[in-house]
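Just the heavy atoms: all of them, side chains too, but no hydrogens, waters or symmetry mates, feed the values below. Residues take their numbers from the sequence shown, with the count starting at 1. As the structure is a computational prediction, the values presented were derived from the model and not from experiment.
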Amino acid sequence: MKQLLILICILLAPIAGSAQDQPSEGQQINIVYGANFTKDESKYPGAAIFSKDDRQVQFEHQGADLYCDIAIFYQKENRLKALGNIVLKQGDSVQMTSGKIEYNGDTRLAKAYERVVLKNASMTLRTDTLYFDREKQESFYRSSGTVVDSVNTLTSEIGRYFMEQKKYQFLESVKINNPEYQLESSQLDYYTTSKNAYMYGPSTITGETYKIYCERGFYDTKVESGYGIKNTRIDYNNRIIEGDSVYFNKMAQFASATNNIKVTDTINKGVIRAHYAEVYKDKDSVFATKRAVSISLVEKDSLYMHGDTLMVTGKPEDRILRAFRNAKFYKTDLSGKCDSIHFEQRTGVTQLIRNPVIWNVDNQMTGDSIHLVSDLVTEKLDSLKVINNAFIISQDSIGKVGFNQAKGKDLYGKFKDNSLDYVDLVKNTEVIYYMYDDDEKLMGINKTICSAIRMTLENNDIEDITFFTNPDGDIFPPKDLPENSRKLKGFIWRGDERIYSKDGIFDEDDNNIELVKIRGVDHPIDLEGTQEDPLEEDPRKKDQPTTANKKAVLPADNSGAGKKKP
C-alpha cells in the first residue's frame, strides 16, 4: 500500500508543477463564446484568435463580461486584445464601449481606445482613450474627456473617476456647462450623486446675475450655492464682495463674507471694509460688523464712517447708510462722533444722533442732534444744523488762555471750501469772545446775551460777530472777569476725544478683534469620501498620466463662510 501511494505522488508531481504556471481559477479570463478560432504565430505568437460569426465573441472575468468582433487571447499571460464594437459590462451598473481594448486578467487593468463611452445609471463619460482599473474601481483619461449627467456637462484634459465614491477628479481646462451658469477651473473634484464641486485652483463661475472667482472653494451645482476660501471675489448686483471666506446662495439672493472683507459699490464708488458682512440682493442692502468702516469719496477726499454695525439699504440712486452704536467719522477737515449716524443719498443729509460732537478744523460743535447737508450736484459740504442746545467752542488761538464760546437753542452754519464761512445762533444766545489788538495783545473778553448772533469766520478764526435784538453785554478787562465766569453754562471741552486720522475712528476693542479661523484651510477633510491621494502613481500602471498636483480636499461645509442664519 505504501509503495502504491509513492507511485501516485510521482505521477501527479509534473501535473501540479504545470498548474502553478497557470493563473488561479479566480483570475483566469474565461472564454464564454469563441465562434471562429485561428492562430497566427508569426504575427501573434502564443495567441489564440477568435472572431465573431452571427454572434459576438464573449469573455468573462470576475463579474465582468466583454463582447467584441475579434479577440487576440494570450491564455498563458492571461491577457487579451479585443477589436471592433467592444462592450464591457460590469454587473448591472457599468457599461463601457469602444473600438479597441487591452485587458490584463492578473492586474484587472483595461485600456480602451477609439470613441470610448463609459456609462452608469447617473452619468456618461466620453473620451478617446480610457484606462479602467477594476481592482481599484477607478477609470481615468489624459487626452480630454466629456462627462454628462442629469444636471451638467463637464469637460477637462485629464480626469479620473472613482466608481465606489461616484467622484471625478478633473485637471487642466476644466469646464462645467449648465443652462444657468458656466464654471471654469484648473482643478476640480465633482461628485455625480450630490452634484457638488470642489475647486482647488483658479476658478470662475459665471451666472446670469453673478460672477464668482476663487482659488479654493465649494459649489453645489444643483442650487447654485457655495463658498470660496482663497482669494475669493463675487460680483453681485452692482457690488463686488471680497474676503478670506465668501458664501453665496442664488435662491436666497444672499451672500456673506468673513475676515478682511471689502464690499465695493460699483455705481456710487463707495467701499465697506469689515470682518463680517452680509449682502441681500432683493433688498439691495449690506450689513457689516466687526471693525466695520464705510469709505466714500467727497471732493477728492475720503470720508471714513465707522460704527459697531453698518447698514446700507436702498437702490443705487437712493442709498441710505446707517452706523449704529459708537459711530464716528473722519475726513481731512471734518470729524465727529455720536451714538448713531444716518445718511440719505437722495437728500444729501447726514444726521448725527444722540450726544453728537463734530470738529471742523479747530471748532467744536455739540447739540442734541446735528445735521450735515451736502450739495447734491457738487457733493461738497454745504451747511449744517445743530438742533437744541447748540454750543460752539474753539480754543483761543492767540493767547491760548481760554475758549471762544457761543450757544443758543439752534445753530445754522454755512460752509465754503469745506470750512465754516459763517454761523447763525438763534434764541437765547450767549457768547464769550477773547478780543486782541493788532499787536495780538489781549484787549478784553466780550460776554454778551441777545436773541441771535452771526459769527463770520476767516481761516477758521472768528473775524466778526453781529448781535441782533437787544444785545446785553460788555467787554471785560481780563482782570475783572474771574475764571469761573469765563465759561458759559453747559461748557464741555471734548478735545481729548477729537479724531485726527482715519485710524482714530477705531477703539481698542476694534483693533484687538480675534478673527474667526476659517475651517478647511489648514486641515481640510473630504466629508463626501476619504481615500488615499487618487493621483498617487500606481507602479502597476505603466501608461497612466502622472501629476504633481497633490492636494488636500475641502470640507463639504465651512462655518467660517458666514452662512445666513435661519
Are any of the side-chain nitrogens in [X] or [Y] under 4.0 Å away from the carboxylate oxygens of its partner?
X: Asp220; Y: Lys195; value: no
X: Glu180; Y: Lys250; value: yes
X: Asp333; Y: Lys331; value: yes
X: Asp189; Y: Lys167; value: yes
X: Asp284; Y: Arg239; value: yes
X: Asp507; Y: Lys328; value: yes
X: Lys414; Y: Asp424; value: no

Within 45° of the ring axis of Phe506 and under 6.0 Å from its six-membered ring centre, is that where the NZ or CZ of Arg291 lies?
-> yes

Validate the cation-pi geometry between Arg322 and Phe343: distance from NZ or CZ to the six-membered ring centre under 6.0 Å, angle to the ring axis within 45°.
-> no

Reported OG-to-CG distance for the pair Ser245 and Leu515, which is rounded to 0.5 angstrom = 12.0 Å

Ser296 OG to Tyr304 OH distance, which is reported to the nearest 0.5 Å = 10.0 Å

[X] versus [Y]: any side-chain heavy-atom pair under 4.5 Å?
X: Asp244; Y: Val516; value: no
X: Phe391; Y: Leu488; value: yes
X: Leu352; Y: Phe329; value: yes
X: Ile205; Y: Gln182; value: no
X: Ile176; Y: Thr153; value: no
X: Leu384; Y: Leu420; value: yes
X: Tyr412; Y: Ile387; value: no
X: Glu497; Y: Trp359; value: yes

Of all the heavy-atom pairs spanning [X] and [Y], show the shortest one and how long it is.
X: Ala255; Y: Ile241; result: CB-CD1, 3.8 Å
X: Leu321; Y: Ser294; result: CD2-OG, 3.6 Å
X: Ile320; Y: His342; result: CG2-NE2, 3.6 Å
X: Ala323; Y: Met305; result: CB-CG, 4.5 Å
X: Gln395; Y: Trp493; result: N-CH2, 4.5 Å
X: Ile158; Y: Ser156; result: O-OG, 3.0 Å

Under the side chain to side chain donor-acceptor pair (under 3.5 Å) criterion, do Asp464 and Tyr422 qualify, and how do the steps go?
-> CA-CA 9 Å; Asp464 186 45; Tyr422 65 84; over 6 Å; no

Judged by atom type as modelled, is there a donor-acceptor pair below 3.5 Å linking the side chain of [X] to the main-chain atoms of [Y]?
X: Asp439; Y: Lys441; answer: no
X: Asp421; Y: Thr456; answer: no
X: Ser340; Y: Ile353; answer: no
X: Asn177; Y: Leu154; answer: no
X: Gln405; Y: Arg486; answer: yes
X: Thr448; Y: Val431; answer: no

Who passes ring pair (Phe, Tyr, Trp, His ring centres under 6.0 Å) against Tyr236, sequence neighbours left out?
-> Phe248

[X] and [Y]: side-chain donor and acceptor closer than 3.5 Å?
X: His306; Y: Asp510; value: yes
X: Asn152; Y: Thr221; value: yes
X: Asp339; Y: Asn355; value: no
X: Asp235; Y: Tyr213; value: no
X: Tyr247; Y: Asn249; value: yes
X: Thr313; Y: Ser285; value: no

Take Thr264 and Lys269 through the side-chain contact (heavy atoms from CB on, under 4.5 Å) test and state the conclusion after the steps.
-> CA-CA 7 Å; Thr264 304; Lys269 308 304 180 186; over 6 Å; no

Enclosure of [X] [atom1] (heavy-atom neighbours >12, cutoff 6.0 Å):
X: Asn428; atom1: CG; result: no
X: Arg494; atom1: CZ; result: yes
X: Asp437; atom1: CG; result: yes
X: Lys222; atom1: NZ; result: yes
X: Lys385; atom1: NZ; result: no

Starting from the C-alpha separation in whole Å, work towards a yes-or-no answer on salt bridge (Lys or Arg N to Asp or Glu O under 4.0 Å) for Lys290 and Asp308.
-> CA-CA 7 Å; Lys290 296 186 178 180; Asp308 291 348; over 6 Å; no

Would Val423 and Leu457 count as a side-chain contact (heavy atoms from CB on, under 4.5 Å) if you check the C-alpha gap in whole Å, the side-chain angles of each, and the deciding distance to 0.1 Å?
-> CA-CA 8 Å; Val423 169; Leu457 293 91; 4.2 Å; yes

Please lay out, stage by stage, how Tyr219 and Tyr181 fare under the test ring pair (Phe, Tyr, Trp, His ring centres under 6.0 Å).
-> CA-CA 12 Å; Tyr219 195 68; Tyr181 61 87; 5.5 Å; yes

When you look at Glu172 and Gln187, which way does the side-chain contact (heavy atoms from CB on, under 4.5 Å) test go after all the steps?
-> CA-CA 6 Å; Glu172 297 183 17; Gln187 186 170 348; over 6 Å; no

For the side-chain contact (heavy atoms from CB on, under 4.5 Å) test, which of Met365, Gln364, Lys487 pairs with Ile393?
-> Gln364

Would you please test Tyr276 and Asn259 for side chain to side chain donor-acceptor pair (under 3.5 Å) and show each step?
-> CA-CA 6 Å; Tyr276 181 74; Asn259 294 355; over 6 Å; no

Can you sort out the partners of Tyr436 under side-chain hydrogen bond (donor to acceptor under 3.5 Å, both in side chains), two or more places apart, ordered by chain and number?
-> Asp396

Where do His275 and Asn260 land on the side-chain contact (heavy atoms from CB on, under 4.5 Å) test, with the steps shown first?
-> CA-CA 5 Å; His275 290 305; Asn260 300 306; 3.5 Å; yes

From Tyr210, Tyr280, Tyr227, Phe287, residue fulfilling ring pair (Phe, Tyr, Trp, His ring centres under 6.0 Å) relative to Phe254 = Tyr280

